[in-house]
Amino acid sequence: MTRLPVLLIGLLLALPLAAAERDVAPGTGSLAAAIAGAEPGDVLHLTDGAYRGPVTIDRPLTITGPRGAVVDGGGQGSVVTVSAPDVILTGFAVTGSGRVNQDLDSGVKILQGADRARIEKLLVTGNMHGIDVHGGRNAAVIGNEIVGTDSPRMNERGNGIYVWNSPGTLLEGNSIRYGRDGIFSNASADSVYRGNTMRDLRFAVHFMYTRNTEVSGNISIGNHLGFAIMFSNRAKILNNLSLGDREHGLMLNYANNADVSGNLVRGGTKKCLFIYNAHKNLVWDNRFEGCGIGIHFTAGSEKNVLTGNAFIANREQVKYVGTRNMEWSHEGRGNFWSDHPAFDLNGDGVADSFYRPNDLMDQILWSQPAASLLIGSPAVQLVRWSQRDFPATLPGGVRDSAPLMRPLTISVPLEVLGHEAEAAGRWTEGNYDDTDPDNLSAH
């Protein structure tokens, strides 16, 4: 045999065999048996019917099927566990995980080493946690519908998507309703969470010890808190909607070096934006509208820049308890304040007078609520008059030296407006449980 045919034979033997496509019939044990008999790269097609789990995918496979194909864990552990890289799951339904929260029982669990998993267009319902990305790198979780549990105590529910120590995760276009947190990102980094819709939860997005991660184009409706960025660094919070979130729309708590831009927070019953011990954050071109407090700024937060934001029709625009002077304009561009009666004689878009939202009496009322009984007294009015006409008597606080004359606008898609109205009606009717002291705990 000549040398050339020998080389060709060797090359052919080295090439991988074509992936096989196999139909898997419903039944107890059928999916587990199909996985055990498959070769890496094979495609398993499910059909309408019930497939008994739990199952573990320990080799690179694609499993696909219609919504009528239901993988049911029977209440034991996680329904589908992915332990191999390059696994693709698409289309079918996953239900029936265990109920042990501390074990992170989930509909789909992606383990460490199961890199590049792709979970797409699944219906994940009736599980403790929906999808748990637990150590696998570069996972893509796209277009799934996740419906969590609706038990009265939120902290006894699981998260829609839990991301732990999984760099490079992409969460895109998922719909998440009920449960504890929509997306809980813990000790992870270098990821993108975009275009997800989250309703009827504790937090829509919850960061703990997360860095270099983008949260963009997401919609939070009717949750207790929209976007909670805690103990995290270099987050990008861009172009999100928080509509009717009950406690806070956006919270920066021990969050540093964040870029917060293009977000709309509207209709929160308490605070649009809460900044607590957060430093070196850029908060610009956001719209905060119709909350009890537009921005609550406290706990020694330093070196934050606020510019180009619009504060509209909040019952109290700013709550800042402190004696330091805070300048909330940057390079001649401040923020829009709907309660600032100002003129712009030169037409440059910047008001001719500065804006100062709080005075000494505000600080007294925040620290001593009983003093509100004196709010209409001549003594209080005299103090306020003197501080207005003699600013040197003010004790420090927030000042915007270049307030804007016009607010920016941020549009809301028509299909979202109905959900916003529905959430507002539920809050008004008092259908949410206020008796659970753990509802807003940080963990």
Side-chain angles (χ1 to χ4, degrees), residues 118-122 130-131 133 138-146 159-163 166-177 179 181-185 188-201 203-207 210-223 225-230 232 234-245 248-252 255 257-268 272-273 281-289 308-310 407-420 422-423:
R118 186 176 182 90
I119 314 300
E120 187 170 8
K121 297 181 181 178
L122 300 185
I131 298 173
V133 188
N138 300 311
V141 180
I142 300 173
N144 302 281
E145 182 180 353
I146 302 170
N159 303 306
I161 303 175
Y162 181 23
V163 181
S166 300
T169 298
L170 171 64
L171 309 179
E172 183 173 21
N174 300 285
S175 172
I176 305 171
R177 193 170 190 185
D181 297 342
I183 297 171
F184 180 29
S185 179
S188 200
D190 305 316
S191 299
V192 176
Y193 310 153
R194 66 183 175 218
N196 304 285
T197 300
M198 292 152 286
R199 301 174 59 192
D200 304 316
L201 300 152
F203 301 161
V205 175
H206 184 188
F207 273 19
T210 293
R211 65 188 187 279
N212 298 332
T213 291
E214 175 184 314
V215 177
S216 60
N218 301 284
I219 301 173
S220 170
I221 303 175
N223 302 305
L225 196 155
F227 302 90
I229 311 304
M230 306 173 68
S232 296
R234 296 188 297 276
K236 293 183 178 180
I237 314 300
L238 311 174
N239 306 316
N240 302 285
L241 302 179
S242 166
L243 305 174
D245 289 326
H248 315 326
L250 172 61
M251 177 172 67
L252 302 178
N257 303 296
D259 182 356
V260 181
S261 174
N263 303 285
L264 169 63
V265 179
R266 183 166 71 190
C272 282
L273 172 62
N281 299 291
L282 176 58
V283 182
W284 61 290
D285 285 3
N286 304 282
R287 184 177 173 112
F288 303 110
E289 180 178 359
N309 304 289
L408 82 166
T409 59
I410 297 175
S411 62
V412 177
L414 288 175
E415 62 270 19
V416 176
L417 292 174
H419 296 315
E420 180 185 17
E422 178 187 350

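Residue numbers count from 1 along this sequence.
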State which residues pass salt bridge (charged side-chain N to carboxylate O under 4.0 Å, His left out) with Arg266; sequence neighbours excluded, sorted by chain then number.
-> Glu420
Hey, can you tell me if Phe184 and Tyr162 have their rings parallel, tilted or perpendicular (30° and 60° cut-offs)?
-> parallel
Between Val416 and Thr197, is any pair of side-chain heavy atoms under 4.5 Å apart?
-> no
Which atom of Met198 lies closest to which atom of Asn218, heavy atoms considered | CE-CB, 3.9 Å
To the nearest 0.5 Å, how far apart are CD1 in Ile237 and OG in Ser232?
-> 8.5 Å
Does a donor on one side chain and an acceptor on the other come within less than 3.5 Å for Arg234 and Asn257?
-> no
Does the side chain of Val265 reach to within under 4.5 Å of the side chain of Asn286, using non-hydrogen atoms?
-> no
Approximate separation, where rounding is to 0.5 Å, of Asn240 CG and Arg194 CZ | 12.5 Å
Could you check Leu273 against Leu250 for side-chain contact (heavy atoms from CB on, under 4.5 Å), going step by step and ending with a plain yes or no?
-> CA-CA 5 Å; Leu273 172 62; Leu250 172 61; 3.8 Å; yes
Apply the test side-chain contact (heavy atoms from CB on, under 4.5 Å) to residues Asp259 and Trp284: give CA-CA distance (whole Å), side-chain angles for both, the deciding distance (0.1 Å), then the verdict.
-> CA-CA 8 Å; Asp259 182 356; Trp284 61 290; 2.9 Å; yes
Side-chain touch Leu243/Leu264, heavy atoms, less than 4.5 angstrom = yes
With side chains defined as the heavy atoms from C-beta onward, is the minimum distance between Val133 and Ile131 less than 4.5 Å?
-> yes
Applying side chain to side chain donor-acceptor pair (under 3.5 Å), name anything that partners Asn144, two or more places apart in sequence or on another chain.
-> Asn174
With the side chain counted from C-beta on, respond yes when Tyr193 and Ile161 share a heavy-atom pair under 4.5 Å apart, and no when they do not.
-> no
First locate atom CD1 of Ile176, then atom CG of Asn159, and finally report the distance between them rounded to the nearest 0.5 Å.
-> 9.5 Å
Taking the side chain as every heavy atom from C-beta outward, state whether Ser191 and Leu171 have any pair of such atoms under 4.5 Å apart.
-> no
If we only count heavy atoms from C-beta on, is the Val192 to Leu170 side-chain gap below 4.5 Å?
-> yes
About how many Å separate CG of Asp181 and CZ of Phe207, when rounded to the nearest 0.5 Å?
-> 12.0 Å
Sidechain-backbone polar pair: Arg287 side chain, Leu408 backbone, donor-acceptor under 3.5 Å | yes
Taking all atoms of both residues into account, what is the closest heavy-atom pair of Asn281 and Ala258, and its distance?
-> OD1-N, 2.8 Å
dist Asn239:CG -> Ser261:OG (nearest 0.5 Å) comes out at 6.0 Å
Between Leu252 and Val283, which heavy-atom pair has the shortest distance, and what is it?
-> CD1-CG2, 4.5 Å
Which atom names give the shortest non-hydrogen contact between Ala235 and Ile229, and what distance separates them?
-> CB-CG2, 4.2 Å
How close do Ser220 and Gly226 get, heavy atom to heavy atom, and via which atoms?
-> OG-CA, 3.5 Å
Lys236 side chain near Ser216 side chain, heavy-atom distance below 4.5 Å = no
Exercise: identify the closest heavy-atom pair between Gly249 and Ser242 | CA-OG, 3.3 Å
Any chance you could measure Asp285, atom CG, to Asn309, atom CG, to the nearest 0.5 Å?
-> 7.0 Å
